[in-house]
2 protein chains.
Amino acid sequence: MLKLSRLADYAIVILVKLGEQDGVVTSPALAAITGVPEPTVAKVLKVLSAHGFVLSQRGAKGGYRLARSLADMSVASVIAAVDGQIALTACVGGRECDTGLSCGLCGSWDVINTAIRSTLEGISLESMRPKEACFPVPSQINTLNTTHTVREGA
Amino acid sequence: MLKLSRLADYAIVILVKLGEQDGVVTSPALAAITGVPEPTVAKVLKVLSAHGFVLSQRGAKGGYRLARSLADMSVASVIAAVDGQIALTACVGGRECDTGLSCGLCGSWDVINTAIRSTLEGISLESMRPKEACFPVPSQINTLNTTHTVREGA
DNA sequence: TAATTAAAGACCTGAATGGTCCTGTTTCGG
DNA sequence: CCGAAACAGGACCATTCAGGTCTTTAATTA
């Protein structure tokens, strides 16, 4: 467990990919680049826009671009924006465990949460950029520039 | 997000509480102590037993006791036992992102996962034991020794 | 032998995430 | 001036999975 939500996963991928483009990029274009379904990309971008990670330009020839550099975005901030506060248990504030009166561990969780949070804050999106392709890239990848991503097998 | 599952939460609480008892303790007794529903306590204990965190004794006068000291149990190991491998995304091994061919971030996730894992491995259950009651304890807490935990308000 | 308790697994339920769609608003181009 | 393109902001549905319950079996003790 401790699995990251898929939306947060998408958000990080989208931001990194967006950072590699120049000019504004439309959500359909980002969908083609990332392989994520277009409505989902649009949804994620809306959230990211609301939290100031990307700047949006409406109307024809509109699209999105990064609001600041990838180096200035931490993994923690993106996750928090998409999924809410990073917390490893319901018993966050030291109050009101849902296990009733007898939990007795209340304060201890904050230690864990703080440790996790600072760990993720220390990782920037810039450091998520791969230096090389991590597995063999098929030739179909070139079709991205022309029309659409070919989603094979589905 | 990044919320810990409730089962893992329970497991940690149960282990800590079990460590404070002496002799074998039955699952109904632990349910009374922790306030967690008895079937759930039994379920968690079974998992913990299978992973060697507790020793079980069947039959009449049976029950559970710690297999080793709380200082020798890390938070990471308990979470991994209850919830499986600690991973922040589906794209763990560097292979086969579910976002298709164009993820391109594959290896980068492992950095995050390793960081999180080592953070949690550095925290022992011993350090989760509270030194004092963290919020005012009502007098009903005394009824624990006699019959059952009084779950108020529910 | 009978009572107690853990072991094991099947099964149901409910919440929440993931994903889609619709309508409105803004901007550019003809 | 009008229409197309693209974001904004919801509502909405569906699927998954975690959480929880129940039943049966096996072991131990009195």
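Numbered from 1 within each chain, the chains take letters A, B, ... in sequence-line order. FYI, side chains are in, hydrogens and waters are out, and symmetry mates aren't considered; it's all heavy atoms of this structure.
For the OP1/OP2 pair of C:dA7 and a distance below 4.0 Å, the side-chain nitrogens and oxygens of B:Ser49 include at least one atom meeting the criterion. Contact annotation: B:Ser27 reaches the phosphate of C:dA6 (side-chain N/O to OP1 or OP2, under 4.0 Å). Between B:Ser56 and C:dA7 there is a side-chain N or O to OP1 or OP2 distance below 4.0 Å.
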Requested in this report: Begin with the C-alpha distance, continue with both residues' side-chain angles, and end with the deciding distance and a verdict on side chain to side chain contact (heavy atoms under 4.5 Å, CB included) for B:Val25 and B:Tyr64.
Outcome: CA-CA 5 Å; B:Val25 185; B:Tyr64 294 92; 5.7 Å; no
Requested in this report: Report the C-alpha separation of B:Met128 and B:Ile12 in whole Å, then their side-chain angles, then the decisive distance to 0.1 Å, and conclude whether the side chain to side chain contact (heavy atoms under 4.5 Å, CB included) test is met.
Outcome: CA-CA 9 Å; B:Met128 296 289 291; B:Ile12 292 175; 4.2 Å; yes
Report task. Check the pair A:Ile116, B:Ile116 against side chain to side chain contact (heavy atoms under 4.5 Å, CB included), reporting the backbone distance first and the verdict last. Result -> CA-CA 6 Å; A:Ile116 296 287; B:Ile116 296 286; 3.7 Å; yes
Query raised in the report: Hey, mind stepping through A:Phe53 and A:Leu15 against side chain to side chain contact (heavy atoms under 4.5 Å, CB included) and telling me if it holds?
Result: CA-CA 8 Å; A:Phe53 289 93; A:Leu15 283 173; 4.3 Å; yes
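When rounded to the nearest whole Å, the span between CZ of A:Arg65 and P of D:dC7 equals 13 Å. One interatomic measurement links the two molecules: CG of A:Leu55 to P of D:dA6, which rounds to 18 Å at whole-angstrom precision. Between the C1' atom of D:dC7 and the CD atom of A:Glu38 lies a distance of 14 Å, rounded to the nearest Å. Going from atom CD1 of A:Ile14 over to atom C1' of C:dG19 covers 13 Å, rounded to whole Å. Whole-Å rounding puts the B:Leu30 CG to C:dT5 P distance at 13 Å. Regarding A:Leu45, its CG atom lies at a distance of 14 Å from the C1' atom of D:dG9, rounded to whole Å.
Atom CG of residue A:Leu70 and atom CD of residue A:Glu20 lie 8.0 Å apart, to the nearest 0.5 angstrom. One finds the CG atom of A:Leu18 at 10.5 Å from the OG1 atom of A:Thr34 (value rounded to the nearest 0.5 Å).
A donor-acceptor pair under 3.5 Å is absent between the side-chain atoms of A:Ser127 and the main chain of A:Ile123, judged by distance alone. Although no hydrogens or angles enter the test, the distance criterion places no donor-acceptor pair under 3.5 Å between the side chain of A:Ser77 and the main chain of A:Met73. A donor-acceptor distance shorter than 3.5 angstrom exists from the side chain of B:Arg68 to the backbone of B:Gly52, with no hydrogens or angles considered.
Here the closest heavy-atom approach between residue B:Ala81 and residue B:His51 is recorded as O-CE1, 3.5 Å.
Only at 4.0 angstrom or more do the heavy atoms of residues 19-26 of chain B sit from any atom of DNA chain D, so none qualifies.
Contacts of A:Glu121 classified as salt bridge (Lys or Arg N to Asp or Glu O under 4.0 Å), with partners at least two apart in sequence or in another chain: none.
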Report task. Indicate for each nucleotide in nucleotides 24-29 of chain D, in 5' to 3' sequence, whether protein heavy atoms under 4.0 Å reach the base (B), only the sugar-phosphate (S), or nothing (-). Result -> --BBBS
Just the atom pairs and distances: protein N or O near nucleotides 14-19 of chain D's N or O, under 3.5 Å.
residue, atom, partner, partner atom, Å
D:dG19, OP1, B:Arg6, N, 2.4

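Annotation: the terminal axes of the helix from C:dT1-D:dA30 to C:dG30-D:dC1 meet at 10°, where each axis is the rotation carrying the C1' atoms of four end pairs onto the next four (5 pairs per end, rounded to 10°).
The side-chain heavy atoms of B:Gln21 and B:Ile33, taken from C-beta on, include a pair separated by under 4.5 Å.
Checking A:Ser124 against A:Ser74 by side-chain atom types alone, no donor-acceptor pair falls below 3.5 Å.
A donor N or O paired with an acceptor N or O is not found under 3.5 Å between the base of C:dA7 and the side-chain atoms of B:Lys46.
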Could you tabulate the donor-acceptor pairs under 3.5 Å formed by side-chain atoms of residues 39-49 of chain A, not counting sequence neighbours?
none

